[in-house]
Amino acid sequence: MGSQGRSGAPGNGGPGEGEGGEARKLQEGRVARGKRRKGKGKGKAGAGQGGRGSGAEGKPGPRRAAEAAGPRAEAGAGAGPAEGAERGGSVEEGARSLVKRDEGRAGARDKAQGRDDGQEAWRVRTGRREDTRPGRAQRRGSQAWGGVAGTGAAMAAAAEEEAAARPPAARPTAGSALWRLPEELLLLICSYLDMRALGRLAQVCRWLRRFTSCDLLWRRIARASLNSGFTRLGTDLMPSVPVKERVKVSQNWRLGRCREGILLRWRCSQMPWMQLEDDSLYVSQANFILAYQFRPDGASLNRRPLGVFAGHDEDVCHFVLANSHIISAGGDGKIGIHKTHSTFTVKYSAHEQEVNCVDCKGGIIVSGSRDRTAKVWPLASGRLGQCLHTIQTEDRVWSIAISPLLSSFVTGTACCGHFSPLRIWDLNSGQLMMHLGSDFPPGAGVLDVMYESPSTLLSCGYDTYVRYWDLRTSARKCVMEWEEPHDSTLYCLQTDGNHLLATGSSYYGVVRLWDRRQRACLHAFPLTSTPLSSPVYCLRFTTTHLYAALSYNLHVLDFQNP
């Protein structure tokens, strides 16, 4: 406003307050001239002060001044306090000034009330959108500067809403020339970064956060992590889950961070077995098999079972899921076949004593029994109960598994009548193909065996070792072995097909996690105490949870929300 003085804060006495003596003399002269003109100048004086009156002089307010002055007051309102003092309140000069201000796109009311440049600049800095409706603009123009601070919370909320509605961040155009390279080159460069470096790079800006979340950058890291959903051959078992999120959870597996819970309890001691399929859990209790559905968190179950499958006269020892069927082996020497989505159930006598193990692939069922035999059965509905081959194993059969190629199967026996508990049989002819190992001590029975690929398999049992066999190298000696630290029998094992291995011990319900690239155990989780010591009869896990079946309850270890 130059040396003419500044307008005071709106709501105070007007622009005359706080001015110098020279400005006050000009003001008094204007008042005197207005009196001589018999009130005609009052509108000019009031309009020259922003339409609010002089304050200290007790001049009329905006409405009364406008009524008394008529159109000349409106023309005088276009000229601010400084210009009104210089030009003596001329109507023509005020009109010219108003036209100039309109051409310069400045609001006349905001400038007359002292809110011209400062308020406009402040609005631009905060990035707030102006409302062009005249009613709201007039209300804002009549507010005091002190009221602006009171709207800070509303303005902050509006800014947050606007930020949320913005489109995805664009690639930064300023800064290092590295980010202006084609995305293919950036992917190649970032592929050499480790997990920590990628995490720090994601904190630079929103665009880099989105770019570094690409699955291609995390795939190499995930394949080297524990239980990230990738097999040793690189097959992705969970393509619907972002790889970066799986790598985060895999760190909890590596560090042993988890939360323990109990899914189910039983009133009497059981020897349960279980299987997982999608979002369902199948678990055996006595002579029943019950199906439960997981809740979305994966750490709890819907208490009401989806289905109950019965048919055995004694406890269910083992069962598998195959082709929408449940094939179960019972202590009554029978094999039961159930359809998962109906009440269809068929059972037939298979062995003279209890059936300890069963497996099914490609429409073929193999079973092993305490009667020292293994048998091959068809799954076809018209041939149920017709034995294809009966194999004399010389020992009680504790475990059995069919090769992925459907050409052979392996039996794990008690190692009492034969020097090797692991033998591979031809599935079509029932003839012995080979035996694995030659240095087993007597009684080193194999309680669990599983194929990882057509040429590799894992075994564990009474000799307290987990052994990894590769049929392409040697059948006489295992490729690698891991010893249970407390010399406990290993009842079961499970693997992710890559680096993670989990085993269940016979005492205190101890679940151990192993990294197959190391000899020593990573972590141990005792799930029972001394009074209720129980073996871990069965283990299953996903990328986020581990489930362990014990004598009295079913435990869960939640690695997603430790």
* salt_bridge(Glu352, Lys334) N-O dist < 4.0 Å -> no
* Could you tell me whether Arg396 and Asp371 make a salt bridge, using a distance below 4.0 angstrom between a side-chain N and a carboxylate O? => no
* Test item: Ser534 side-chain N/O and Gly509 main-chain N/O as donor-acceptor pair under 3.5 Å -> no
* Asked: Closest approach of Leu276 and Phe541, non-hydrogen atoms and distance?
  -> CD1-N, 4.3 Å
* Would you name the heavy atoms of Cys317 and Asn356 that are closest together and state the gap between them? => CB-O, 4.2 Å
* Hey, mind stepping through Leu458 and Val449 against side chain to side chain contact (heavy atoms under 4.5 Å, CB included) and telling me if it holds? -> CA-CA 6 Å; Leu458 289 160; Val449 60; over 6 Å; no
* With the threshold set at 4.0 Å, does a side-chain nitrogen-carboxylate oxygen contact exist between Asp236 and Arg246? -> yes
* To do: State, to 0.1 Å, how close Met274 and Ala548 come at their nearest heavy-atom pair, and which atoms those are.
  => CE-N, 3.8 Å
* Asked: Are Asp470 and Arg472 close enough for a salt bridge, meaning some N to O gap below 4.0 Å?
  -> yes
* **Residues Thr503, Glu484; criterion side chain to side chain donor-acceptor pair (under 3.5 Å); working and verdict** => CA-CA 9 Å; Thr503 59; Glu484 215 285 333; over 6 Å; no
* Mind checking side-chain hydrogen bond (donor to acceptor under 3.5 Å, both in side chains) for Tyr468 and listing every partner two or more places apart, or none if nothing turns up? => Arg232
* To do: Tell me, with the steps shown, if Ile364 and Leu406 meet side chain to side chain contact (heavy atoms under 4.5 Å, CB included).
  => CA-CA 9 Å; Ile364 297 296; Leu406 306 179; over 6 Å; no
* Look at Arg517 together with Asp515 and state whether they make a salt bridge at an N to O cut-off of under 4.0 Å. => yes
* Check: His435 ring centroid to Phe419 ring centroid under 6.0 Å -> yes
* To do: Given side chain to side chain donor-acceptor pair (under 3.5 Å), test Arg372 with Gln392 step by step and report yes or no.
  => CA-CA 6 Å; Arg372 302 183 179 185; Gln392 301 295 329; over 6 Å; no
* For the pair Asp313 and Lys347, find out whether any cationic side-chain nitrogen is under 4.0 Å from an anionic carboxylate oxygen. => yes
* Structure fact -> In short, Trp469 meets Ala475 closest at the heavy-atom pair CZ3-O, 4.1 Å
* Asked: So, do Trp377 and Tyr348 have ring centers that fall under 6.0 Å from each other?
  -> yes
* Show your reasoning for whether side chain to side chain contact (heavy atoms under 4.5 Å, CB included) applies to Leu264 and Arg303. => CA-CA 9 Å; Leu264 297 171; Arg303 291 300 178 185; 3.7 Å; yes
* Modelled atom types, side-chain donor and acceptor of Gln203 and Arg209, under 3.5 Å -> no
* Minimum heavy-atom distance Ser505-Arg512, with the two atoms named -> OG-NE, 4.3 Å
* After noting the C-alpha distance and the side-chain angles of His318 and Ser328, does the key distance pass the side chain to side chain donor-acceptor pair (under 3.5 Å) rule? -> CA-CA 6 Å; His318 197 279; Ser328 59; over 6 Å; no
* Can you tell me if Asn553 uses its side chain to pair, donor with acceptor, with the backbone of Arg265 under 3.5 Å? -> no
* Asked: Do Gln293 and Asp279 pass the side chain to side chain donor-acceptor pair (under 3.5 Å) test, and can you show the C-alpha distance, the side-chain angles, and the key distance before you say yes or no?
  -> CA-CA 6 Å; Gln293 186 175 16; Asp279 59 346; 3.3 Å; yes
* **Test of ring centre spacing under 6.0 Å for Tyr507 and Tyr491** => no
* **Thr464 side chain to Asp487 backbone, donor-acceptor under 3.5 Å** => no
* Atom pair NE2 (His325) and NZ (Lys339), whose distance is rounded to the nearest 0.5 Å -> 5.0 Å
* Looking only at heavy atoms, what is the nearest atom pair of Leu493 and Asp448, with distance? -> N-OD2, 3.1 Å
* To do: Determine, stepwise, if the pair Arg423 / His418 fulfils side chain to side chain contact (heavy atoms under 4.5 Å, CB included).
  => CA-CA 10 Å; Arg423 279 173 283 179; His418 194 273; 3.5 Å; yes
* Asked: With a cut-off of 6.0 Å (strictly less than), are more than 12 heavy atoms of other residues, nucleotides or ligands near CZ of Arg476?
  -> no
* Asked: Do His389 and Ser429 have side-chain N/O donor and acceptor atoms under 3.5 Å apart?
  -> no
* Between Trp253 and Phe559, does the ring centroid distance fall short of 6.0 Å? -> yes
* Asked: Where does the angle between the aromatic ring planes of His523 and Phe525 fall among parallel (under 30°), tilted (30 to 60°) and perpendicular (over 60°)?
  -> tilted
* Asked: Would you say Ser403's side chain and Ser407's backbone share a donor-acceptor pair under 3.5 angstrom?
  -> no
* Asked: Judged by atom type as modelled, is there a donor-acceptor pair below 3.5 Å linking the side chain of Arg370 to the main-chain atoms of Trp398?
  -> no
* **Set of side-chain contact (heavy atoms from CB on, under 4.5 Å) partners for Thr212, sequence neighbours left out** => Leu198, Leu201, Ala202
